[in-house]
Amino acid sequence: MLDCYDIAEKLQLTSKLMELHDGNAFKIKALANGAFRLSKMHIAPEDFTEEKLALQEGVGKSLSKTIVEIAHKGTSAELDGLIEKTPAGVIEMLSVKGIGPKKVKQLWHELQVESPGELLYACYENRLVDLKGFGQKTQQSIKQSIEFMQSASGKVHYAAVEELADNFLEELKELQYVSNISLTGDIYRKCETLSSIDILVAADEVFENEFKSPIPVNLIFTTDEEFYYELVKTSSTKEHLEYINFASLTDHSFGSEEEVYESLKQPYFIAEWRDGLFDKEIHAHYPTHLIEEKDLKGILHNHSTYSDGANTLAEMAGYCKELGYEYFGIADHSKSAVYANGLKEDRILLQHKEIDELNKKLAPFKILKGTECDILYDGSLDYSNEVLATFDYVVTSIHQHFKMDEDKASERLIKAIENPYTTILGHPTGRLLLGRPGYPVNHKKIIDACAANNVVIELNAHPYRLDIDWRWIPYCMEKGVKISINPDAHEKQGFHDMHFGTCVARKGLLTKDFCFNALSLEEIENLLKLKK
Ligand SMILES: [Zn+2]
Ligand SMILES: [Zn+2]
C-alpha cells in the first residue's frame, strides 16, 4: 500500500496533467491543495478509508474517494486516462525544474517538443527565447536543469566532459610519482556518449584523487614498463582484442602503442578504431588520408537571425572567415518551420541581396546561398522548384511529424532525395543522443538512393546529434556517397562542433576524398554548378 507522500505525488501528477489538458480549473486546484495537505499528514495506510479521511481537515468527499482508490490500486482511473493521452516524454517534462504545466503545454503545442531531450535541443536552437512567457533567462535555467537531469541518469555526451578529462590529465601529470598517463576506455575511443572517464596511470604507488565530474572517474594503475600494453588493452573492445589476437602477446613491455600492433603483425589501429566494428575493412584497405579538422575548407549548415540563430548573417560569416575557412554556407529554415521563424519567399530575396553585398566585402571568402528546406509529410519539399533554383545548394531535413514507421520514413526521405534540387540530406534520422531515438530508417535504402541521385549525406556535428551515425560511413563510401560534416550552428560558437563531427567521422573511417566540405571553394562551386 502507498503512504501519504506517494499518494500526494499521484494527486499532484493528476492535477498537472489535467492542467495540461485544459481540465476544470476548480478541480485542478482542489487536487493540488489536497496533494499538499496530504503530504503533510501522517495517516497509517490502514486508515485510508473514506470515513476516516473525511475526518481530516481539508479533505472533501470526492478527494477522499480518489485517495482511497489510489491507496488501494496505486493509481486512479482518471490518472490512467490522462497518462494514456499524454506522450511519456511530455510527462517527463513536468519534472524539469522551473517549468509548470502551463509552460509544458506551450512547449508541447507551440514548439512540438515532446521530451526533455528535445527540449534541451530546442534551448540550443534558441527556440524558447521568443516564446511568450519565456526568454533568455528561462531558457538558460531550463537548459541547466535538464543537463543536470541527464547526467544524473549516468550518461553524458562526449562533448560534456572532453575538456574536463583533459584537465584531469594535466592535473595528474603534475604528481611526482606519475610517470605516464593517458585517457583510455570509451573516452579514448571518442565514443559519442560516456558513462565514465577512464584514465590509465603509470605510477610508483596507487593513490586516490577527488574529481569533480558528472560521471565516475576511474583510475587504472599500471607500471611504466607495461603502460602501452595496458593502454591498448583497456582502450579496446573484447572483439577488437580478439581480432588482433592480443592474448598471444607474451612480452608486455613496449615503447608505444604502435609497437604493440607491430609485434602483433597488425596495421596500427588508432584508438578511435578499437571498437571492433571495422577490423577487417581496416586490415584490407587501410584508410590513407583519414579526415582531419584542418582538411575542412568550409561550413555548410548554419543558421542566422533570419531564422532561429542567435547571430546575424554578417557575424556568422565574419567569424567563419576569421577561423580560416574559405566559405560559409547559410542554411536558414524554410517557411513551414514557423516555430523557427522559417523564411517566406520575400525574405529569401532580402537575404540573397545581403549575401551579394557581403560577398563583395569578404572576397575571396564567399557566402554560399543555401537553405535547410523542410521535407514535408509526403516527402515533397517546402519550396517550389522556382524558389529552390535560386539557391546555390539545398539541405533537406525532417523537422516535424516524427512518428513514422520504417517504410513511411524511408519513403519520405527517398522522395526528398530524388528531388533534383536536394544537395545534402540533413540529419538523416532526427535522433538526439540521450534525448530521443531517431525515426526508424532503412539506412541501406537511404544511402543507395543518395548514391543513385548524387546526394551528399550530412554528418550533423552537433554533439547531441552526430547523425548520420558513423557506423554507416563505410557503407556510404563503398557506394560513393560523400559526407558533409556540418555543425548546424545556431550561433558563432557552434562552428567549434565541427571538432566532434570530425571525431566520429574518423571512427567511421571517413577519408578526405569522401568529405564534401573538404573541397575547396572552387571545387565545390564547380560541383554545385554541375548539379544544377
Ligand atoms: Zn535541422
Ligand atoms: Zn539546421
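Hydrogens, waters and symmetry mates are skipped; everything else that's a heavy atom, side chains included, is used. Counting convention: from 1, in listed order, for ligands and their atoms alike. Just so it is clear, the model here is predicted, and its values are computed rather than measured.
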Please name the atom of E372, restricted to N, O or S, that is closest to the Zn ion (ligand 1).
-> OE2
Do the side-chain N and O atoms of D295 and H289 include a donor-acceptor pair separated by under 3.5 angstrom?
-> yes
Using distance alone, with no hydrogens and no angle criterion, decide if R127 and Y121 have a side-chain donor and acceptor under 3.5 Å apart.
-> no
Can you tell me the angle formed at the Zn ion (ligand 2) by NE2 of H303 and OD1 of D488, to 10°?
-> 90°
Any N, O or S atom of H301 closer than 2.8 Å to the Zn ion (ligand 1) | no
Less than 4.5 Å apart, any side-chain heavy atom of V387 and any of S384?
-> yes
Among the N, O or S atoms of H427, the one nearest the Zn ion (ligand 1) = NE2
Sidechain-backbone polar pair: N517 side chain, I485 backbone, donor-acceptor under 3.5 Å | yes
Backbone or side chain, does H333 get an N/O/S atom under 2.8 Å to the Zn ion (ligand 2)?
-> no
Describe, in one word, how the ring planes of Y439 and F402 are oriented to each other, choosing from parallel (under 30°), tilted (30 to 60°) and perpendicular (over 60°).
-> parallel
